Amino acid sequence: MENVVVLIVGAGPAGLATAACLTQFSIPYIIVEREDCSASLWRNRAYDRLKLHLAKEFCELPHMSYPADAPTYIPKALFVKYLDDYMERFDIQPKYLTSVESSKYENDKKCWSIVARDMAEGTTMNFVAKFLVVASGENSAENIPDIPGLHSFPGEAIHSSRYKSGKSFSGKSVLVIGSGNSGMEIAYDLATHGVNTSIVIRSPIHVMTKELIRLGMTLAQHLPLNLVDNLLVMAAKFIFGDLTRHGIRMPKMGPMNLKSKTGRSAVIDVGTVGLIKRGIIQVQGSISKIMGNIVKFQFGDEIPFDAIVFATGYKSTANMWLKNGESMLNENGLPTKEYPNHWKGENRLYCAGLARRGLAGIAADAKSIADDIKSVIGSMCG
């Protein structure tokens, strides 16, 4: 049995940021991580050409900036190095291969009782914590939709977390399902490697340039979101033209409001739209079923594919181990409260990085959590 003041579950950017903020106040903590490294999503499950989609000023963790010579849009390898330097600066030492199996609040003792498994030894570990921080991420489990006939598909069908590069698919026909940033970028990467590429775009999306998003985020600090949205939509129409005839519809709500209210991001174009316009990437609608290597689409097209990439996102798994967390997380493992009050539950329970606000949201959560824990400890001592 190990007694701790704060137990942080997850050593991705949210867990590391929370640990750094607690360190600033000299508040002791333990951070546990089920993988064998920190930030495993970035190290092991991100495709090679990935860069942070937002400018670096919106992607810093608390108390440490990027090096002065870092590019505006940070590539994957540099971001991983930033995280390693961050851990070194704040002396963050996660307990790796430690998977939380259950946690519940003990009312009589006013503490959290946590059972974890040491995956290397196969033994059970017990923690008692005054404060519990859920930082296991929105992206802890792959989300693959249930498509009729998928089991009959003979080719490779992978989640985007296992996609590295289009090289291995050269000369084949590949269907990308999902039109968020990952799906659109993977489609571009495939097409530039000589792959016959199609992408399923079902929902309306905003397509922007990274410069437009940077401008929007800067203006949003000074102007009403509706005004910023009107400017961005006008600019996007000027840059990309009318995309409806290419199978891309625009949401009714503007891009900044959509992000603020639903957590859904605009798609930042890396060149995909140009390839769609030239017919190099084919846009498809919803899938009705899969029959062997043939994918049947709702409007009747039946097309053979060699491989499918599911860029269909992730889901949170916190609900699988967290008991008594209903005040903070819904049945999908995401916050019940609206931003910016989402990060705090009852009984000294917190969550970091679950509000779909990227690294800027993670930084804000970590600061709020550490400030709150400091004030609670202060009132206990008082």
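Just so you know, these numbers come straight off a predicted model, no measurement behind them. In this chain, residues are counted from 1 in sequence order.
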Legend entry - Test item: T262 side-chain N/O and K259 main-chain N/O as donor-acceptor pair under 3.5 Å: no
Inset, instruction - Assess whether atom CG of D108 is packed by more than 12 heavy atoms of other residues, nucleotides or ligands within 6.0 Å. - result: yes
Inset, instruction - May I ask you to decide whether K95 forms a salt bridge with E33, counting only side-chain N to carboxylate O separations under 4.0 Å? - result: no
Inset, instruction - Kindly give the heavy-atom pair with the smallest separation between A311 and S182, and that separation in Å. - result: CB-C, 4.3 Å
Legend entry - D84 and R43 ion-paired at < 4.0 Å: yes
Inset, instruction - Using a cut-off of 6.0 Å, state whether more than 12 heavy atoms not belonging to K167 lie near its atom NZ. - result: no
Legend entry - Residue pairs fulfilling ring pair (Phe, Tyr, Trp, His ring centres under 6.0 Å) with at least one residue in residues 155-204, sequence neighbours excluded: H159-Y314
Inset, instruction - Quick one: closest heavy-atom pair of A20 and I92, and the distance? - result: N-CD1, 4.2 Å
Legend entry - Under 3.5 Å: donor-acceptor pair, side chain of N181, backbone of I268: yes
Legend entry - Where I74 and Y66 come nearest, the two heavy atoms and their spacing: CD1-CD2, 3.8 Å
Legend entry - Any side-chain donor near an acceptor of the partner, S113 and K104, under 3.5 Å: no
Legend entry - Under 3.5 Å side-chain donor-acceptor pair for N226 and N257: yes
Inset, instruction - Look at the aromatic rings of F297 and F305 and report parallel, tilted or perpendicular, splitting at 30° and 60°. - result: perpendicular
Legend entry - Closest heavy-atom pair and its distance - M119, S99: SD-CB, 3.6 Å
Legend entry - Exercise: do S288 and Q298 side chains pair donor with acceptor under 3.5 Å: no
Legend entry - ILVMFWY network linking I147 to V176, side-chain heavy atoms under 4.5 angstrom: no
Legend entry - Salt-bridge contact E57-R214 (side-chain N to carboxylate O under 4.0 Å): yes
Inset, instruction - Look at R89 together with D85 and state whether they make a salt bridge at an N to O cut-off of under 4.0 Å. - result: no
Inset, instruction - Determine yes or no for a side-chain-to-main-chain donor-acceptor pair under 3.5 angstrom, with D189 supplying the side chain and S165 the backbone. - result: no
Inset, instruction - Could you tell me whether D372 and K344 have a side-chain N and a carboxylate O separated by less than 4.0 Å? - result: yes
Inset, instruction - Output yes when a side-chain donor or acceptor of S327 lies under 3.5 Å from a complementary backbone atom of G345, and no otherwise. - result: no
Inset, instruction - Using ring-ring contact (aromatic ring centres under 6.0 Å, His included) as the criterion, list what pairs up with Y105, not counting sequence neighbours. - result: W112
Inset, instruction - Check the angle between the aromatic planes of H342 and Y339 and answer parallel, tilted or perpendicular using the 30° and 60° thresholds. - result: parallel
Inset, instruction - Indicate whether the side chain of N341 and that of K337 have a donor and an acceptor atom separated by less than 3.5 Å. - result: no
Inset, instruction - Mark yes or no: K374 above the aromatic ring of F25, with NZ or CZ under 6.0 Å from the six-membered ring centre and no more than 45 degrees from the axis. - result: yes
